[in-house]
Amino acid sequence: MDLGDRAPAWTRTTSTPPILRSFAEHGFHRFGEPLDADAAGRLLAKLRADRRYDDSLFLSEAEFDANPQHRGVNPRPGRNLLERFEADLAFVEQAPQIVEGMTALLGPGYQIMDRKVVCGVPAKSIPPWLKARIAGNPVNNLGAYVKPQHRDVTYFYGIDFHQDLIDHKDREADFVTLYVYLHQVTRADAPLFVLEDSHRLGASVFPHDLAKTGPARWVYRNGPVGELSTRQVMLTGEAGFAATWHACTLHGTQPDEGDRERISLRYLIGPADGVRGGLHEVNAALGTPMRLQSTRVDLDAAGAAAIKFNAVTQA
Ligand SMILES: O=C(O)CCC(=O)C(=O)O
Ligand SMILES: [Fe+2]
């Protein structure tokens with residue numbers, strides 16, 4: 001399938017920034033040059049010096065069961081580890097290629113909506129009682145099981161293919177995610193897997209209708225909007241690797257079965273009020289609905305997992 005033919009004509013002119021072409025065609029973009037790897041390493045050393053990313057992060061089973069809390073367990077203003085390291089983020093936020101790329105996508109004055117540390121917790125750091133409880137869950141955000149003082153970081157043990165729109169019901173997919181690796185990430189470090197072109201089917205309710213059709217291929221259906229065949233792309237890279245994706249691009253991570261944690265930065269970035277950048281054109285050209293009133297049907301009333309199914313573990 002030559003997706004170039006389906007890309008809107010305006011993206012094929014030589015003056016179109018490559019990031020807009022990547023978004024229009026494939027729904028994500030890898031920045032060509034890594035960000036300053038030394039600066040990434042310095043920030044990583046500070047983050048590591050702050051705590052042990054091991055089983056000491058977690059509540060005991062009895063502590064958890066005494067008062068299970070599944071909501072409000074992610075970083076938020078006033079409880080976000082990056083608030084102590086703002087000065088160390090210039091290697092991302094002021095990198096010319098990031099500024100140029102975000103300006104092309106979102107227009108001048110774009111806003112950082114959220115930024116946080118994400119940790120992929122390795123299997124060896126998860127207490128046995130917890131591993132038994134979460135096995136097979138589609139979204140293993142471990143915040144509920146982490147001691148309250150450590151909830152200034154988001155901890156994952158894998159997350160099934162999802163759209164980042166999942167946390168933004170009733171909002172247009174007018175923002176992007178920016179991910180930065182702070183150390184080398186290989187297949188063994190729970191890398192991000194992105195499903196190329198999946199943004200083309202617009203907003204879709206989690207969990208998604210995906211069937212594996214080959215070693216790195218899936219068929220993805222979004223109800224009445226239609227279906228497409230998509231290639232799975234594994235985002236591995238060096239310290240300072242950066243990638244950005246559309247809020248409707250499916251992506252996920254497998255549980256980290258290695259023995260090292262992955263520590264990364266995750267940003268959500270959107271346009272300034274009333275400004276429209278290239279992403280607006282991308283979405284208009286796709287012409288699919290990019291907003292949902294309800295984004296997920298996998299949770300019970302308390303916010304706990306109500307289904308046991310996970311596609312990304314087959315990736
Ligand atoms: O880092 C991960 O394991 C998954 C992150 C992700 O997709 C997210 O935070 O939205
Ligand atoms: Fe995500």
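The residues of the chain are indexed from 1 along the displayed sequence. Every number for a ligand or one of its atoms is a count from 1 in the order of the listing.
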Q.
Applying a strict under-4.5 Å side-chain criterion to I, L, V, M, F, W and Y, I'd like to know whether Val233 and Leu201 cluster together.
A.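 Per the 4.5 Å side-chain linkage, Val233 and Leu201 are not co-clustered.
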
Q) Looking at CG of Leu59 and OH of Tyr145, how far apart are the two atoms once the value is rounded to the nearest 0.5 Å? A)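 The CG atom of Leu59 sits 10.5 Å away from the OH atom of Tyr145.
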
**Q.** Pairs meeting criterion salt bridge (charged side-chain N to carboxylate O under 4.0 Å, His left out) with involvement of residues 63-82, two or more places apart
**A.**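 Sorted result for residues 63-82: Asp65-Arg133.
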
Aromatic rings [X] and [Y]: how do their planes relate, parallel, tilted or perpendicular, breaks at 30° and 60°?
X      : Y      : value
Tyr220 : His208 : perpendicular
Tyr181 : Phe241 : parallel
His70  : Phe64  : perpendicular
His246 : His199 : tilted

Q. Among the protein atoms near the Fe ion (ligand 2), how many are N, O or S and lie under 2.8 Å away?
A.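 The number of such protein atoms is 3.
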
Could you list the donor-acceptor pairs under 3.5 angstrom formed by side chains in residues 120-131, with sequence neighbours left out?
residue: Lys124; atom: NZ; partner: Asp259; partner atom: O; Å: 2.8
residue: Lys131; atom: NZ; partner: Ala123; partner atom: O; Å: 3.2

Q. Side chain of Ser198, backbone of Leu250: donor and acceptor closer than 3.5 Å?
A.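 Yes; at least one donor-acceptor contact below 3.5 Å.
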
Q.
Given a heavy-atom cut-off of 4.0 Å, could you list the residues near ligand 1 in chain and number order?
A.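 Within 4.0 Å of ligand 1, protein side: Val118, Phe156, Ile159, His162, Asp164, Tyr179, His251, Thr253, Arg262, Arg266.
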
